[in-house]
Amino acid sequence: MSVPSRLTRRASALAVIAAALIAGAGATPDAGHAQLGQERAAAQQLRQAVAAESTRIDATAAGLADAQARLARLEARAQRRQDELRATEDRLIRARIRLTRLQRKAAFAMATLSRNLVMTYKAGEPNVVSVVMDAHGFKDLIERVGFFKRVANRNANILDVTRRARAAVRRQTVDLGRMRARLAILSREAVADRNRAGVIRNALLRRQEGQLRRRAGTQARLVAVRGRIDRLERAQAAAAAAAAAADTARQTATRAAPSTPSAPSTPSAPSTPSAPSAGGSGAVAKVVAAANEIASTPYVWGGGHGGASGGYDCSGSLSYALAAAGLVSGPLTSGAFMSWGEPGPGAHITVYANGGHAFMIVDGRRFDTSNLSGGGTRWSSGSRTTAGFVARHPPGL
């Protein structure tokens, strides 16, 4: 069964029980306590659910941080590859410029070589006899032979330089083309990795959003259950006060009626050990009745403040008892009781509080969690020092 359906059925049951308690007559305190215990158990389960959701969200946040770190690494690697690609493109451009210069140089050399060949063709193939016969002396002969040799060497050098330059440019162009293709592949891989990391991040964000939404719903249900617990506790306190007032009126009527020999008078119902009488002021009776309900419950730190169940701490027990008479609107800490109500002792109720502890005196009886270790009840007729405590009392009481 889902939590909302259980809460719906529990709310219906609470409404019926609260109505019966407020009516007073025929109310069963045990049933009310059982229902209140179930509500507190449900609240505890919801608190545990909220804690579990918080743990899962923390784990998801850690996963999200890991995905973001991975995304940053992938983006940095892609950026490095893009930078390398741009540097390679710059090298390729410079190589193309160099190739153009070499091509121009080769074209000029080829043109020069062509002119030389044409001139050689027109002049005829030089031979040793013609060179010797045409020379004007030995010096001219030497110059003619050197000239023809330099022309031949220059032509051969131009051809060789041009051939080597073209081969180098072709190799460089092929290498740069391969590098550019490789870098393009690496760039696509980096982009794919970044996209995968983005998918992971978006999935984690959607999961975190769902968990936050579920936790918000659980917290809303927890607030609703706590509100029903508070209403049920107030209804129980009111019913207990009404029952105590009816019992007091019944005892008063019994004592006032004349006794007869054949019908002995009905003895009065015994009160809680060491507790003050529930008679007197209506507000005092409500406080006493509510205090009697939790007089023997164990001490639990935080109990009565919405954090724990099954017991009460010092200020939580005082808050529970005083709330039954409408003297507090919600749980107060011992420090908060130092400024609650009016200063000084009261005629019927006095709260003594400091930063670490609080207790109250109701019509001469002390209601204090420190009494549990002695007699198993918070009520005691013994006194304790009030040094270091601030005395406060509800207005008019």
Side-chain angles (χ1 to χ4, degrees), residues 1-22 27-64 204-240 290-291 293-324 328-333 369 372 378:
M1 183 183 295
S2 63
V3 173
S5 61
R6 288 201 302 268
L7 294 178
T8 302
R9 295 181 56 188
R10 190 172 291 114
S12 300
L14 281 174
V16 175
I17 292 175
L21 288 173
I22 294 174
T28 56
D30 292 340
H33 281 296
Q35 189 66 34
L36 183 58
Q38 292 176 1
E39 286 291 342
R40 287 173 176 165
Q44 181 65 23
Q45 291 176 356
L46 289 173
R47 282 192 293 270
Q48 293 173 354
V50 171
E53 287 293 339
S54 298
T55 301
R56 283 193 288 271
I57 287 175
D58 293 339
T60 301
L64 178 61
L204 288 171
L205 288 172
R206 285 195 296 270
R207 180 182 176 189
Q208 188 179 37
E209 179 187 8
Q211 289 174 338
L212 288 171
R213 189 165 49 248
R214 289 193 297 272
R215 185 173 68 171
T218 304
Q219 288 177 333
R221 293 195 300 271
L222 177 58
V223 170
V225 170
R226 284 177 176 172
R228 286 194 291 270
I229 290 175
D230 292 340
R231 289 194 296 272
L232 182 58
E233 288 177 343
R234 288 194 295 269
Q236 278 189 314
E293 293 180 4
I294 61 171
S296 59
T297 56
Y299 176 87
V300 175
W301 188 87
H305 295 275
S309 60
Y312 294 83
D313 60 10
C314 58
S315 57
S317 62
L318 297 188
S319 299
Y320 180 84
L322 294 172
V328 294
S329 58
L332 300 179
T333 62
T369 54
L372 286 170
R378 298 168 192 257

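In what follows, every heavy atom counts, from backbone to side chain, and hydrogens, waters and symmetry copies are set aside.
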(request) Only counting residues at least two apart or in another chain, list the ones meeting side-chain contact (heavy atoms from CB on, under 4.5 Å) with Ala323. (result)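 With sequence neighbours excluded, Ala323 shows a side-chain contact (heavy atoms from CB on, under 4.5 Å) to Val328, given in chain and number order.
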(request) Taking side chain to side chain donor-acceptor pair (under 3.5 Å) as the test, write out the residues that go with Thr297, two or more places apart. (result)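 Here the qualifying residues are Arg378.
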(request) Taking side chain to side chain donor-acceptor pair (under 3.5 Å) as the test, write out the residues that go with Ser315, two or more places apart. (result)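 Applying side chain to side chain donor-acceptor pair (under 3.5 Å) to Ser315 gives His305.
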(request) Locate the shortest heavy-atom distance separating Ala290 from Ala324; write the atom from each residue and the value. (result)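 Closest heavy-atom pair between Ala290 and Ala324: CB-CB, 3.4 Å.
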(message) How close do Pro298 and Leu372 get, counting heavy atoms only, and between which atoms?
(response)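 So the two residues come closest at C-CD1, 4.3 Å.
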(message) I want to check something: taking the side chain as every heavy atom from C-beta on, are Tyr299 and Asp313 in contact at a cut-off of under 4.5 Å?
(response)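 Yes, side chains in contact.
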